[in-house]
Amino acid sequence: MLRTCRPGAACLAVLVGRLLVPAAVAEDAVPPPRTRAEAWQRLRDQKRLRLQPYRPGPIEREILAYEKAERPSILQLNYKGFYPRIRSLASGSRLAPVLRFWQPDIKGSSVSLHASAAYSPTGYELYDFQLGRLPHRGSELPAPSTKGDDVYELGQLEESPTGGLLLYTSLRYRHQPRDAFFGLGQDTQPSGRTSFLYQDASYELVTGWQFTPRLVATARLGYVQVFTTDGEDDDFPPIGALYDDQSAPGLALPQPDFHKLSGLLLWDARDRPFNPHRGGMIGLAFTRFDDRGGESFAFQRLAADVRGYVSLGSPQRVLAARLLLLRDEARAGSRVPFYLQEALSNSHTLRGYPTFRFRGEKGLSLQAEYRWEPAPALELAVFVDAGRVFRPQQDVGLDGLRASGGFGLRIKTHDDVLVRFDVAWGDEGGRAYLRFGPAF
Amino acid sequence: MALRAAMVLLLVTASPALAQKFYPDDPLLRDRDDAVVPQPGAVELSTAYDVIEHTFHHRPDGEPAPAANVNTLGEVPDSSWFENRIGARAMSLDELVRGPATSEGPVGRWTVTSGKSEGITPGFTMRDEAGEVWFVKFDRREYPVLSTGAEVIASRFFHAMGYFVPETHVAWFRREELQIAPGARIAIKGAGKRAMTQADLDRILSHVKREEDGSLRAVVSRRLPGVPLGPHKYHGTRTDDPSDVFPHEDRRELRGLRVFSAWLNHDDSRSVNTLDMYVPPGYVKHHLIDFSSTLGSGSDATRQIGPQNPRAGNEYVIDWGPIARAAATFGIADRAWRRVPYRDFPEIGNIESDFFDPDRWKPEYPNPAFERMRPEDAFWAARIVARFTPEAIRAMVATGRLGNPAAEEYLAQTLVVRRDKIVDRYLRALNPLDGFRVEDRALVFDNAGERAGLARAEGYEHQWFAVDNATGGLTPLGEPTRSTGARAALTDSDSEYTMVRIRTLSDAAPAWRQAVDVFLRNGTAPAIVGVERETR
């Protein structure tokens with residue numbers, strides 16, 4: 001038999017078949033079928049001896065359980081309102097595990113409670129608490145409290161799907177031990193990088209009104225305690241080694257506390273705010289800081305964030321552009337503390353430079369991305385970022401812009417960017433980012 | 001593939017003497033797979049896992065084997081999977097329109113017994129006054145007849161083709177006529193099931209458009225008789241059903257389903273839209289269910305019922321080739337299907353016939369049976385498609401009660417053109433002779449390609465052989481001869497079996513020159529026992 005058996009699986013089958021069916025049975029005892037129906041019936045008779053129930057594998061079982069809604073989806077996984085998450089706490093923090101507590105619309109009221117605690121591997125900490133009429137969609141978690149804080153995230157403010165009044169208190173403590181400081185202005189050098197520790201505790205009352213689904217205004221009244229000193233990043237010298245209170249206003253201890261008043265007006269005509277393909281957005285923000293009990297660090301900030309999205313012949317090809325303008329103005333005799341000055345260069349602006357590379361009282365950022373979707377859940381992008389900061393006496397203009405460019409890969413749902421992987425290069429090297437959420 | 005081949009050969013090896021070419025009962029017109037068997041267990045399949053499994057696994061890795069469950073004529077015998085209907089006999093318009101229905105629909109007041117608040121199509125289950133259980137689904141308010149119309153129309157087509165499908169009707173009812181049965185429950189995503197309330201019912205119905213007279217339109221699907229066992233896969237066999245011996249990917253009616261699905265744009269033709277039932281006296285009957293994503297109806301990017309996503313039917317949900325091309329060319333090498341214009345009929349959604357190419361059509365994700373479809377499988381299906389006349393198509397489209405004559409006419413005409421493309425593609429690809437019969441000491445046949453108007457046959461070449469039934473060996477009985485008519489005079493032979501090899505001569509259809517071998521069992525009344533088609 002071996003001589004007539006060709007190599008391969010078929011040969012194996014012949015051999016196994018002969019082993020399973022004794023030769024006497026196979027060749028002598030069982031007569032050949034007399035009909036086609038009998039031949040087919042013999043197949044069934046043989047299968048009847050090997051019946052076994054269907055057993056899905058563990059992965060299929062788990063996926064099926066989610067589909068059958070026997071348990072919440074992975075985004076709703078929680079234990080009595082405690083949600084585990086991973087996110088970046090601040091530029092430079094790297095990804096941190098976060099435990100969020102969320103009780104929406106307590107006992108059928110419009111009052112919700114949110115709190116979170118996070119600690120990153122680089123020692124960054126964040127603890128916050130909000131109570132009141134928080135903007136949120138159903139049982140979904142609200143936007144992190146830091147979303148209303150950073151200028152470059154103006155457009156990522158969560159709108160209230162139900163519209164109407166927002167009114168809540170917000171308490172937050174942040175500890176950022178390794179923030180980077182390169183000096184102020186555009187002419188700083190990479191070699192001037194130092195490390196500083198930044199801590200703040202803020203106590204805010206937030207109110208807002210959603211006039212239409214596209215127009216929302218918010219106001220914040222708060223009190224902010226700040227502490228800053230040498231940083232803990234062993235790879236770079238502490239800030240005190242290269243800078244003093246003149247070159248880094250506000251470095252001298254003790255740092256004052258601040259009263260804070262801010263207002264934001266957001267007009268949002270993007271088709272999908274967190275995964276836009278067409279439309280635009282304009283965010284205007286005004287913030288005033290007054291140091292408590294003094295006139296040394298009183299200033300106001302104006303910020304404008306304009307974004308536009310155009311589909312190029314197909315929704316799968318999108319040209320996205322963004323203009324960000326910042327202007328801090330200190331009152332006579334006051335200065336703007338370095339730690340409250342906005343910095344360009346992070347995962348949202350000038351992505352080819354180190355985090356907080358350019359810090360100043362005025363800033364201009366121009367960005368353009370060409371995004372295309374080879375598949376519904378996949379987006380690729382090439383982008384160019386340009387921008388610079390200015391000293392107080394300088395006029396804002398296009399001269400001396402620093403630029404970086406790169407490409408990105410994003411995994412998306414219909415309404416959101418789940419994961420964004422961007423790689424960018426500037427004239428000082430390159431950077432890679434893994435983030436949850438859109439660039440802009 | 002190698003392992004599967006090994007298993008099939010193992011069966012053959014353990015069951016000696018399948019070498020004989022013809023048996024006395026050939027051609028088998030019914031596969032007796034309805035013998036009583038122990039009740040198999042219920043199967044639940046994951047939709048997402050099905051996508052992953054079929055995208056990355058069960059893909060053919062070579063020339064697929066010929067279909068395993070056909071009889072010696074190359075036809076699909078009646079079985080628990082399929083029943084020859086329009087492909088084997090004339091069906092009246094009344095029969096086509098009635099489809100699988102044995103009733104006129106639900107009777108009297110509806111008592112809701114369970115609800116479904118989540119999913120693409122919210123709905124509920126109810127019992128009518130006759131005690132029959134019906135599944136009730138609705139259209140989205142923005143497209144008030146789209147999916148219910150598609151469901152009813154498509155179910156009638158698939159029934160006529162030969163598949164087992166549920167009885168469906170378009171029905172209207174009033175909210176105040178509904179009552180909730182004591183103990184009715186509703187499934188809430190993430191929270192399991194709880195008692196169903198009037199508020200739940202109102203929430204389900206809040207997405208449904210009310211007619212001017214206050215009534216609501218639904219599609220009602222009658223519960224199939226028997227015990228539900230869950231879906232069947234399009235590969236392998238049900239491991240706990242002894243009657244299920246032919247790998248599903250090798251069943252001709254499942255391979256040919258690709259052609260039917262292409263015709264009706266049934267991109268959702270996947271395992272989760274099938275249902276096996278354990279029926280009296282005790283065997284497994286296999287059904288196709290849920291035709292809401294057919295014709296121009298489907299779901300959009302947010303999984304809401306609406307006009308069919310233009311990708312559907314043109315590209316798998318994960319299709320590496322187009323993804324790579326679009327990625328490498330910055331999206332400039334975009335898909336041609338994105339530029340296809342659709343007529344603006346909310347009643348029928350996105351379906352057209354100009355861009356449609358039956359070869360290029362794809363379901364939502366790879367289907368192991370579809371991917372193994374061979375030319376003869378497609379030929380089998382295309383001959384069935386060709387049997388639907390424009391008159392029949394119009395009558396069946398009308399069952400969707402779309403309420404817009406222009407939309408109905410457009411849909412019917414679109415299906416006629418798509419039918420013609422299918423017939424042209426698959427009847428032109430091989431020698432399309434059929435209708436073989438013995439008349440006046442001659443083998444007489446028809447030409448399905450000529451019948452469909454594809455080309456004219458200038459003549460036929462035929463040569464007779466004696467057949468050794470034990471070995472399949474052939475001995476020529478003379479030289480090839482030519483005729484202009486569709487007949488070949490029988491030749492004298494002592495052999496129990498003879499075969500005539502026929503080639504069709506047509507300049508306009510050169511593929512028709514491929515051989516069709518027709519086998520006869522000789523005797524006082526020669527009978528046709530086999531048909532084999534050459535495929536290149």
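We name chains A, B, ... by the order of the sequence lines, and we start the count at 1 in each one.
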Here the gap from B/Q20 atom CD to A/R34 atom CZ, rounded to the nearest 0.5 Å, amounts to 12.0 Å

Original post:
In terms of side-chain geometry, is the basic nitrogen of B/D25 or A/R36 positioned less than 4.0 Å from the acidic oxygen of its partner?
Top reply: no

Residue set satisfying side chain to side chain contact (heavy atoms under 4.5 Å, CB included) with B/I318, at least two apart, ordered chain then number -> B/T55, B/W320, B/I323

Ranked by heavy-atom pairs below 4.5 Å to chain B, first place among A/E38, A/Q41, A/R48 goes to A/R48

Would you tell me whether B/T239 and A/K47 have side-chain atoms, one donor and one acceptor, within less than 3.5 Å of each other?
no

_So for atom CZ, which belongs to A/R278, do other residues, nucleotides or ligands contribute more than 12 heavy atoms lying within a distance under 6.0 Å?_
no

One should read off an interatomic distance between A/R44 CZ and B/F246 CZ, to the nearest 0.5 angstrom, of 5.5 Å

Turns out that what part of B/D319 lies under 4.5 Å from chain A's heavy atoms comes down to neither

Q. Heavy atoms, side chains only, cut-off 4.5 Å: are B/K233 and A/Y54 in contact?
A. yes

- When you measure from the side chain of A/R317 to the backbone N and O of B/G331, does any donor-acceptor pair fall under 3.5 Å? yes

Turns out that what part of B/R32 lies under 4.5 Å from chain A's heavy atoms comes down to backbone

So, the part of A/L380 with a heavy atom under 4.5 Å from chain B: the answer is side chain

Most contact-rich option vs chain A, by heavy-atom pairs under 4.5 angstrom, among B/V37, B/T47, B/T329, B/D50, is B/T47

Cut-off 4.5 Å, heavy atoms of chain B, and the answer for A/T35 is both

Value for CD1 (B/I332) from CG (A/L312), rounded to nearest 0.5 Å, stands at 10.0 Å

Output for pair (B/S46 OG, A/L64 CG), nearest 0.5 Å, gives 5.5 Å

Against chain A, residues from residues 69-79 of chain B with at least one heavy atom under 4.5 Å, in numeric order, are B/N69, B/V70, B/T72, B/P77

Show your reasoning for whether side-chain contact (heavy atoms from CB on, under 4.5 Å) applies to A/I59 and B/Y49. CA-CA 8 Å; A/I59 296 174; B/Y49 187 82; 4.2 Å; yes

Assert top hit (heavy-atom pairs under 4.5 Å, partner chain A, pool B/I52, B/T237, B/D241, B/V317) equals B/D241

- Item | Basic-acidic side-chain contact under 4.0 Å: A/R50, B/D240 | no

### Message
With a sphere of 6.0 Å drawn around CZ of B/F56, does it hold more than 12 non-hydrogen atoms of other residues, nucleotides or ligands?
### Response
yes

For A/W372, the ring-ring contact (aromatic ring centres under 6.0 Å, His included) test, sequence neighbours excluded, returns A/Y370, B/F330

Does B/D31 reach the side chain of A/W40, with side-chain heavy atoms less than 4.5 Å apart? yes

Honestly, the part of A/Q316 sitting under 4.5 Å from a heavy atom of chain B is side chain

Okay, B/R238 and chain A: the region with an atom under 4.5 Å from a heavy atom over there is backbone

Applying a strict 4.5 Å limit to non-hydrogen atoms, the region of B/D33 in contact with chain A is both

Sorted by chain and residue number, the ring-ring contact (aromatic ring centres under 6.0 Å, His included) partners of B/H235 (sequence neighbours excluded) come out as B/H54, B/H58

